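Reviewing the structure listed below.
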Amino acid sequence: MSRKLFAAGCWVLIALGLVHLMGHYGLMTAEGDTEAERQLLSLMRGNPQDMGLGFVRSMFDIVAGFSLAFSILPAGMGLLGLLLLRHEGRAPGLLRQASIVYAGVYGIMTAVAFRYWFPAPLFFLAAAFVCFLAAVATVRRGGA
């Protein structure tokens with residue numbers, strides 16, 4: 001059961017990355033629906049700052065970079081977890097340790113999402129957290 005729960009958590013992370021990538025595309029193509037939104041986007045795109053070492057970035061560039069990173073990292077962690085599952089038979093106890101790490105990381109991410117973000121990422125992160133926490137609770141110590 002713990003293998004299935006861990007795999008489910010990994011698939012939730014992959015889905016989160018893909019759904020967020022669609023949102024990232026929306027951000028990159030946004031023009032603003034109201035005058036206030038258009039003005040905000042114009043200010044974010046139109047005031048590049050020297051960040052040192054020849055890097056000139058606008059606030060929009062920085063937000064877009066974080067948005068893209070948040071699309072890639074959960075998907076990458078999900079893929080890494082599936083790879084881990086594939087090879088965990090070679091290392092007894094690996095699934096339990098990985099489940100603890102994933103549950104800890106995504107528990108913290110769920111708290112961050114609850115405090116700072118909106119429902120979509122919160123629900124995905126909470127679902128992944130619950131899967132990994134349940135995997136911890138169901139995995140046998142010292143083995144799979």
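Keep in mind the model is a prediction, meaning the values are calculated, not measured.
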Pairs where residues 25-45 contributes a residue and the test ring-ring contact (aromatic ring centres under 6.0 Å, His included) is met, not counting sequence neighbours: none
Atom CD of Q39: over 12 foreign heavy atoms under 6.0 Å: no
Can you find a pair of side-chain heavy atoms, one from Y102 and one from L80, that are under 4.5 Å apart? yes
Drop me the distance from Q97's CD to L95's CG, to the nearest 0.5 angstrom. 10.0 Å
Quick check on the hydrophobic clustering: are V101 and V139 connected, directly or via other members, by side-chain heavy-atom contacts under 4.5 Å? yes
With D33, which residues qualify under side chain to side chain donor-acceptor pair (under 3.5 Å), at least two apart? none
List in chain and number order the residues that pass side-chain contact (heavy atoms from CB on, under 4.5 Å) with I100, two or more places apart in sequence or in another chain; answer none if no residue qualifies. R96, V136
Hphob cluster co-occupancy, F129 + V112, side-chain heavy atoms under 4.5 angstrom: yes
When the side chains of residues 53-76 are checked against the rest of the protein, which donor-acceptor pairs come out under 3.5 Å, sequence neighbours left out?
from	atom 1	to	atom 2	distance (Å)
S58	OG	M44	O	3.3
S58	OG	F60	N	3.4
S58	OG	D61	N	3.1
S58	OG	D61	OD2	3.2
D61	OD2	S58	N	2.9
S67	OG	H24	ND1	3.0
S71	OG	H20	ND1	2.9
S71	OG	L21	N	3.3
S71	OG	S67	O	3.2

Indicate if V105 and Y116 have the same hydrophobic cluster label, given that clusters are the connected sets of ILVMFWY residues with side-chain heavy-atom separations under 4.5 angstrom. yes
How long is the span from the CG atom in L79 to the CH2 atom in W11, to the nearest 0.5 Å? 7.5 Å
Nearest 0.5 angstrom please: R45 CZ to L40 CG, how far? 10.0 Å
For E35, which residues count as a salt bridge (charged side-chain N to carboxylate O under 4.0 Å, His left out) partner, sequence neighbours excluded? R38
For residues 118-128, run the donor-acceptor check on the side chains, cut-off 3.5 Å, and write out each pair with its distance to 0.1 Å, sequence neighbours left out.
none

Could you tell me the separation between the OG atom of S99 and the CG atom of L94, rounded to the nearest 0.5 Å? 9.0 Å
What's the separation between atom CZ in R3 and atom CG in L85, rounded to the nearest 0.5 Å? 5.0 Å
With heavy-atom distances below 4.5 Å as the criterion, would you say the side chains of M77 and Y106 are in contact? yes
Transitive ILVMFWY side-chain link L5 to V130, under 4.5 Å: no
